[in-house]
Each structure stands twice: as structure tokens, then as C-alpha cells.
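What you see below is based on every heavy atom in this structure, not just the backbone, and it leaves out hydrogens, waters and symmetry mates.
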Amino acid sequence: MKNMKIGTAIWVCLLLSFFFGTSAKAESITSPDGQLKLNFSVNTQGEPVYELSYKGKEVIKPSKLGLELKNDPGLMNGFTLADIKTSAFDETWEPVWGEVKSIRNHYNEMAVTLNQKAQDRNLIICFRLYNDGLGFRYEFPQQKNLNYFVIKEEHSQFAMAGDHTAFWIPGDYDTQEYDYTESKLSEIRGLLQGAITGNASQTSFSPTGVQTSLQMKTADGLYINLHEAALVDYSCMHLNLDDQNLIFESWLTPDAKGDKGYMQTPCRSPWRTVIVSDDARDILASKLTLNLNEPCAYEDVSWIKPVKYIGVWWEMITGKSSWSYTDDVYSVKLGQTDYSKTKPSGRHAANNDKVKRYIDFASEHGFDQILVEGWNEGWEDWFGNSKDYVFDFVTPYPDFDVKMLNAYAKEKGVKLMMHHETSASVRNYVRHLDKAYQFMIDNGYNAVKSGYVGNIIPRGEHHYGQWMNNHYLYAVEKAAEYKICVNAHEATRPTGLCRTYPNLIGNESARGTEYEAFAGNKPFHTTLLPFTRQIGGPMDYTPGIFDTKLSFLSGDHSFVRTTLAKQLALYVTMYSPLQMAADLPESYERHMDAFQFIKDVAVDWDDSKYLEAEPGDYITVARKAKGTDNWFVGGITDENPRTSAFTLDFLEPGKQYVATLYADGKEADFEKNPTSYQIKKGLVTNKNKMSVKLARSGGFAVSLIEATPADLKTIKKWK
């Protein structure tokens with residue numbers, strides 16, 4: 001028996017040697033707290049190999065690194081370890097806006113220089129190990145034999161230690177607007193085709209390809225998140241799963257020719273990130289993605305302000321109104337089609353009277369801005385025609401008086417928010433960009449929502465390729481020259497670039513509230529987005545739908561799969577410095593007592609505490625409003641009812657607060673009775689405990705406002 005065990009051990013070693021090669025002595029670093037350990041080595045084939053453990057548990061098994069180049073031997077093997085440098089770094093920085101007032105950037109670094117003798121060139125792989133995870137990237141020094149090169153594929157592996165539970169959406173070069181699927185890694189292949197639903201532009205690539213940020217949970221209670229940070233001048237990374245060996249490998253988005261990156265040294269890849277903890281709340285609290293990005297690029301950031309807004313939008317999304325002005329024209333040629341000679345359809349939403357109504361509502365209730373979509377000529381044939389010259393971004397329809405409406409808004413103390421839908425004709429947008437931004441400045445706009453719906457022009461390019469990633473950043477940097485903030489929809493999923501370019505104040509880049517008007521979002525959707533999409537940055541999710549049954553529509557139509565109270569909670573659980581009250585004003589006017597929370601809740605924060613969290617199940621968050629002692633709490637659940645229990649120990653000791661709880665009613669149910677809610681008020685301190693019942697796909701919201709002397713006299717203690 002003893003000899004059999006020895007023989008088995010030798011056989012296992014031979015197999016490992018076959019797959020990875022026997023390695024030289026591993027170089028190691030640990031996280032500052034010692035809980036994470038990274039090993040790096042070069043195997044006998046000269047392939048770089050790394051592995052990661054957390055509290056002694058395997059997170060990433062031995063995994064190879066390297067890049068396949070076009071018409072070149074590549075940067076895959078034949079390496080020897082030429083140099084190794086280790087260092088430590090510790091700083092605290094303040095974001096322009098964010099979930100917390102300050103962020104600690106504390107890591108241990110190991111930079112390994114690899115020499116490829118046959119090609120006489122060097123590659124540097126830089127590892128940074130934080131208490132909450134790992135970041136690594138490739139760095140390409142300028143050198144005689146590595147100057148210009150084309151990436152055929154990046155082969156960064158993430159070998160999993162088990163058949164983990166994963167929360168995933170299909171890999172796609174053009175959209176992230178999919179519902180999430182929860183499954184074992186080994187089940188992805190059988191489920192992926194069914195997870196691909198229709199979209200305006202989509203290109204899937206593999207039966208086991210998924211997108212980042214990918215959230216997983218192991219059988220022994222580890223939470224693992226894979227993503228990327230600082231995506232600049234490079235192609236967006238997806239993950240392709242070898243489901244026989246449970247190894248993920250990077251899969252880059254190609255261009256129109258099938259190439260995956262055009263590089264000129266000195267240059268570097270984005271960071272590949274692994275966030276890990278045995279507490280799900282740590283994943284949500286992680287600032288690793290932001291820390292791996294460069295500091296703010298702007299000296300003056302005084303013009304960048306978080307925004308709470310409403311908009312002429314939901315009525316078009318639901319089909320109540322239209323973006324287009326007329327039904328008279330079959331196609332539009334800008335500068336030739338004379339809209340003054342056409343008959344208005346009567347359904348155009350972006351008209352003077354309607355917009356003034358929204359301006360009045362925003363002014364009365366303390367909102368900062370009003371988004372107006374469909375204001376400009378060209379919406380009659382904007383989509384589906386691969387049309388190059390589709391919009392000019394400066395010419396309004398006859399019923400939209402730009403100067404009058406902006407002057408009216410200014411009188412009311414609010415601003416209009418510009419809308420630039422490009423219809424994915426990026427070439428057309430770039431040719432108009434300076435003129436469009438100048439038009440905004442001339443007319444009092446300081447923020448724009450941009451959109452890239454449809455297949456990209458130049459034809460053959462993808463939404464997430466290197467060329468488009470460079471465009472999105474170009475638009476943000478150009479906007480900064482005009483002191484304009486950008487909220488880009490249909491763009492690449494965020495990778496923390498908002499640290500460097502904080503006028504990138506919002507992104508969609510996932511399945512948002514609009515889908516509730518189409519096919520609906522799964523009840524667990526918003527319990528996952530903070531673990532997935534929001535790992536890279538805030539989302540313009542557009543919450544706040546009170547009329548969840550869309551009662552203003554006739555016939556068969558979709559509905560919002562949450563309770564009203566859950567819609568309130570999303571303002572806290574779905575972090576964004578750009579928060580919309582997305583419903584129609586008349587829907588809010590029927591529930592002004594609940595609407596008070598949307599009016600009160602902040603959009604910028606000094607502190608955030610994740611009180612409860614489990615991906616796909618529930619999240620409870622407390623946040624402290626910037627520059628105040630006021631706190632707000634939000635809690636949501638999936639399709640299962642639950643009770644949330646937490647202590648208010650985050651409040652300042654010795655102070656009393658007025659707690660106002662907005663909770664699901666006793667009979668609330670997201671399908672049968674979504675607008676049932678109850679409101680409770682009382683005085684609390686940091687010693688109070690709260691227990692709140694959440695309905696199916698329900699939620700709750702709490703405002704905690706420092707009590708005034710008058711409050712202390714008139715409001716009773718919390719019971």
C-alpha cells in the first residue's frame with residue numbers, strides 16, 4: 001500500500017509537470033495583512049506561472065501567463081527570470097465623489113522581468129497584492145526587438161480550485177445587457193445559449209465565454225471576483241472557460257480584421273484583478289479597482305458635481321410617447337428634410353410644454369437637472385439602417401426651443417441635461433463632437449448622456465474593441481476641455497477610470513431599469529449588480545419607478561419586478577453619483593409621502609457600511625451623506641421574502657436621530673401588491689436595533705437625520 005501511494009504521488013507530479021513544467025523556486029509576496037499569498041515561477045518551458053491563496057486556501061491554482069502575437073513567435077514561453085523587484089506602497093487619497101471620503105491604497109508589489117533569449121527581448125509582469133485581492137499586468141519596455149506589435153490573443157489564466165457557483169452573463173463583444181444566470185462552472189456550457197437574449201447589437205463568441213466582472217462563491221465559503229482595471233488603449237477582456245479543467249483564460253475583443261490589439265512600446269496592459277474574501281461584504285467594499293487606476297488627471301475639479309435628475313425618458317421607453325417628431329417622412333436627410341412642412345404626430349415627448357412641466361417639477365422638489373431625449377432632428381430613421389450621417393447634435397425639432405427652455409430652467413434654479421444618441425455611428429459623432437460640446441456650453445448645458453445603440457460604424461468594429469475603448473475615453477477627455485460631465489450608455493463596462501477622469505460621472509453598460517418595460521429583470525438582478533457590474537464603477541441604473549404595473553399603458557405589456565419600497569432602497573444599494581428619479585411626475589404625485597425619501601437621499605457620501613450581503617440573495621447598506629451627520633440605509637432581497645436585522649452602531653454616539661422607515665406593507669408582493677408600503681418614524685441612537693420584513697423582491701429605505709430641538713419635543717422614541 002505504501003509503494004502504491006508513492007507511485008500515485010509520482011504520477012501526479014508527472015502530470016503536473018506535463019501541464020505546467022517543473023518550476024524553479026517560487027518567488028512570493030504576501031498582502032500587507034499576510035492573509036493573501038502570491039507565488040510566481042517560470043516552468044521548464046519558460047512559461048510564467050502564478051498562483052494565489054487566501055488564509056491557506058487555494059484561490060487561483062497554478063496558472064500560465066503570456067501573449068500570442070501576430071506574425072511573431074509571441075510572448076508565451078522561452079523565458080528566464082532576469083530580475084525581480086519588490087516594494088511596498090501606502091497612501092490615502094480622496095476621490096472627487098464616491099462611496100467614502102478617503103481611500104487607502106496599500107499594497108505590496110513584485111515586478112518580475114523576464115528575458116526571452118531566442119528573441120532577445122524582455123517582458124515585465126507586475127503583481128500588486130492588497131488585503132482585498134490581486135492586480136497584475138503586462139508591461140512592455142521599449143526595446144530593439146519589441147517596438148510595434150499586434151496581439152493575436154492574451155492568454156492569462158485563472159485556474160479555479162473547484163466547480164464554484166458563478167453569477168454570469170454570456171460573453172459578448174457588443175453588449176452586457178443580459179440577465180444573470182446562477183450556476184456551477186461546469187453548467188455554463190449547457191445554459192449559455194439560453195442566456196443569450198435579443199439586443200440591438202450583439203456578438204457572442206464561445207459556448208463557455210462569460211463577461212467580467214465575474215462573481216463566484218466556493219463550496220468552502222470564499223467569494224472570488226474576476227475583472228480588469230484601467231482599461232486604456234487596449235481591448236476589453238472576457239473570460240473563456242475550459243470546463244474540463246475549470247480554467248478561465250482571457251479572451252480579448254477583436255477589431256474588424258480579427259486583430260486584438262495594436263501596440264507600440266513602451267506600453268502596458270490593463271490590470272487583471274482577483275478580489276477575494278470569506279465575507280461577501282468585503283467584495284462590495286473593495287476599492288481595489290479604483291486603486292489600480294491613475295490619480296485624477298485634472299487640476300480643477302470644482303465643476304464636477306454629483307447629480308440627482310429626472311427626465312423625459314420613461315414615457316418613451318414604455319411606448320407612451322415617441323422620440324420622433326412626425327410620422328410623415330420615410331427617411332431623413334439632415335439639412336434637406338424640412339420638418340416645418342411635416343405634420344407632428346402628437347406623440348413627440350420632447351416638446352416645450354412637456355419639458356416645462358418637468359422643469360417645474362424638478363425645481364419644486366429639489367432636483368438638479370432634467371434629461372430630455374428626442375429633442376433633435378433625425379429620430380424618424382435613427383436605428384437599424386447602418387446610417388452614417390444620422391444626427392448633427394445641434395438642430396432641434398420645431399417644438400423644442402433650446403434657448404427658451406434653458407433660460408426657463410435657469411430661472412427655476414435647475415439645468416437641462418443634453419442627450420447625444422450616436423446610433424453607434426461613431427465616425428459621425430467624432431466629426432461633430434467639438435461643435436456639439438460648444439453648442440452645449442452656448443446653451444447652458446454642463447452634462448451629457450451619450451448612447452451607442454446598434455452596430456458600430458466604422459462597420460465591423462465592436463463596442464468593446466481597442467478602437468472603441470479609445471473613442472469612449474477621447475469623448476470624456478474632450479468633454480473635460482469644455483467642463484462637461486459624461487454619462488455614457490452602451491459603452492464598455494467600467495474599469496475604475498472614473499478615478500482618473502471623474503467627469504465620467506456615470507455609465508449604463510448593463511441591463512438597467514429600461515428592461516422592466518421590455519421583458520423585465522429577474523428579482524435577484526439588483527442583488528447581483530453591486531457584485532458584478534459595479535465592481536468597476538457606478539451605474540446609471542435609473543431607479544424610482546412607483547407605477548410598477550405601468551398602469552398608464554393599455555393592452556399587454558411588461559411590469560417592474562419589484563415593490564415600490566425596493567425602488568426606494570436602490571438609491572442606497574446601487575451606488576451612483578448620478579441618480580435618476582425615472583418615473584413620470586404624476587406617478588410620484590400619487591405617493592408624495594414615499595417620494596420624500598428620493599428627495600432626501602444624498603448622491604455623494606463620506607462613508608459606506610455594508611451591513612448584510614449575499615450575492616443573488618440580499619444586500620443592506622448604510623451610507624453617510626457628504627458633509628453631514630445624516631445617514632441613509634437601503635435593503636433589498638431577491639424573489640424570497642426575508643427579515644433584515646441590523647444595529648445602528650454606525651451613528652455618532654451620544655446623538656439622537658429622526659429615523660424614517662419606508663418599508664413593504666404587510667400584504668406587499670412584487671406581483672400581486674407592489675405599491676403596498678408603510679412609513680414609520682421615531683427617535684433613535686447608535687444603540688438601537690432594527691428588524692424589517694421584506695416582501696418577495698421587496699426592500700426598505702431608512703433616512704437617519706440628526707434631530708433638532710423641535711424634533712426632540714414632538715417625535716417619540718423608536719419602538
>> Aromatic contact between Tyr397 and Tyr339, with the criterion being ring centroids under 6.0 Å apart: yes or no?
In response: yes

> Can Thr562 and Gln567 be said to form a side chain to side chain donor-acceptor pair (under 3.5 Å), step by step?
Replying inline: CA-CA 7 Å; Thr562 77; Gln567 289 290 311; 3.0 Å; yes

> Does the ring-ring contact (aromatic ring centres under 6.0 Å, His included) test come out yes or no for Tyr429 and Phe391, once each step is laid out?
Replying inline: CA-CA 8 Å; Tyr429 192 38; Phe391 295 115; over 10 Å; no

> Checking Lys217 side chain against Glu614 main chain: does a donor-acceptor pair fall under 3.5 Å?
Replying inline: no

>> Can you confirm whether more than 12 heavy atoms, excluding those of Lys681, are under 6.0 Å from its NZ atom?
In response: no

> According to the interplanar angle, ranging from 0 to 90°, do the rings of Phe646 and Phe700 count as parallel (below 30°), tilted (30 to 60°) or perpendicular (above 60°)?
Replying inline: parallel

>> Could you check whether Tyr408 and Asn352, counting side-chain N and O atoms only, form a donor-acceptor pair closer than 3.5 Å?
In response: no

>> Under 4.0 Å between a side-chain nitrogen and a carboxylate oxygen: does that hold for Glu639 and Arg561?
In response: no

> Can a salt bridge be assigned to the pair Arg590 and Asp547 using a cut-off of 4.0 Å between side-chain N and carboxylate O?
Replying inline: yes

> Which word best sums up how the rings of Trp382 and Trp323 line up, parallel for under 30°, tilted for 30 to 60°, or perpendicular for over 60°?
Replying inline: tilted

> Is there a donor-acceptor pair closer than 3.5 Å between any side-chain N or O of Gln369 and the backbone N or O of Leu416?
Replying inline: no

> Applying the side-chain contact (heavy atoms from CB on, under 4.5 Å) test to Ile359, which of Ile370, Val372, Ile310 qualifies?
Replying inline: Ile370

>> Strictly below 4.0 Å, N to O, side chains only: are Arg642 and Glu612 in salt-bridge contact?
In response: yes

> Is the side chain of Ser558 donor-acceptor paired with the backbone N or O of Glu516 at a distance under 3.5 Å, no angle test?
Replying inline: yes

> Taking the side chain from Lys566 and the backbone from Pro523, do they hold a donor-acceptor pair closer than 3.5 Å?
Replying inline: yes

> Would you call the rings of Phe367 and Phe595 parallel, tilted or perpendicular if under 30° counts as parallel and over 60° as perpendicular?
Replying inline: parallel

>> I'd like to know whether the aromatic ring centres of Tyr358 and Phe361 sit less than 6.0 Å apart in this structure.
In response: no

>> Assess the residue pair Glu177 and Asn199 against the criterion (side chain to side chain donor-acceptor pair (under 3.5 Å)); give the C-alpha distance rounded to whole Å, side-chain angles, the decisive distance to 0.1 Å, and a yes or no.
In response: CA-CA 8 Å; Glu177 296 179 3; Asn199 195 272; 3.3 Å; yes

>> Against Cys236, only a single residue in Thr495, Thr212, Thr492 fulfils side-chain contact (heavy atoms from CB on, under 4.5 Å); can you say which?
In response: Thr492

>> Could you check whether Asp179 pairs with Arg511 (Lys NZ or Arg NE/NH1/NH2 to Asp/Glu carboxylate O, under 4.0 Å)?
In response: yes

> Stepwise, does the side-chain contact (heavy atoms from CB on, under 4.5 Å) test hold for Trp314 with Phe552?
Replying inline: CA-CA 12 Å; Trp314 185 240; Phe552 52 85; 4.0 Å; yes

>> Are more than 12 heavy atoms, taken from residues, nucleotides or ligands other than Lys693, located less than 6.0 Å from that residue's NZ atom?
In response: no

>> Using the ring pair (Phe, Tyr, Trp, His ring centres under 6.0 Å) definition, which of the options Tyr662, Tyr677, Phe597, Tyr588 pairs with Phe546?
In response: Tyr588

> Are the charged groups of Glu508 and Lys449 less than 4.0 angstrom apart, N to O?
Replying inline: no

>> Are Tyr472 and Tyr452, when compared by the centres of their aromatic rings, separated by less than 6.0 Å?
In response: yes

> For Thr542, does its backbone N or O pair with a side-chain atom of Thr513 as donor and acceptor, under 3.5 Å?
Replying inline: yes

> Between Arg357 and Glu315, is there a side-chain N and carboxylate O pair less than 4.0 Å apart?
Replying inline: no

>> Please identify which of these residues, Asn455, Ile456, Thr253, meets the side-chain contact (heavy atoms from CB on, under 4.5 Å) condition with His462.
In response: Thr253

>> For Lys343, is there any backbone N or O sitting under 3.5 Å from a side-chain donor or acceptor partner on Thr326?
In response: yes

> So, does Asn507 use its side chain to make a donor-acceptor pair with the main chain of Ala488 at under 3.5 Å?
Replying inline: yes

>> Test your reading of the model: is there a side-chain donor-acceptor pair from Arg623 to the backbone of Val603, 3.5 Å cut-off?
In response: no

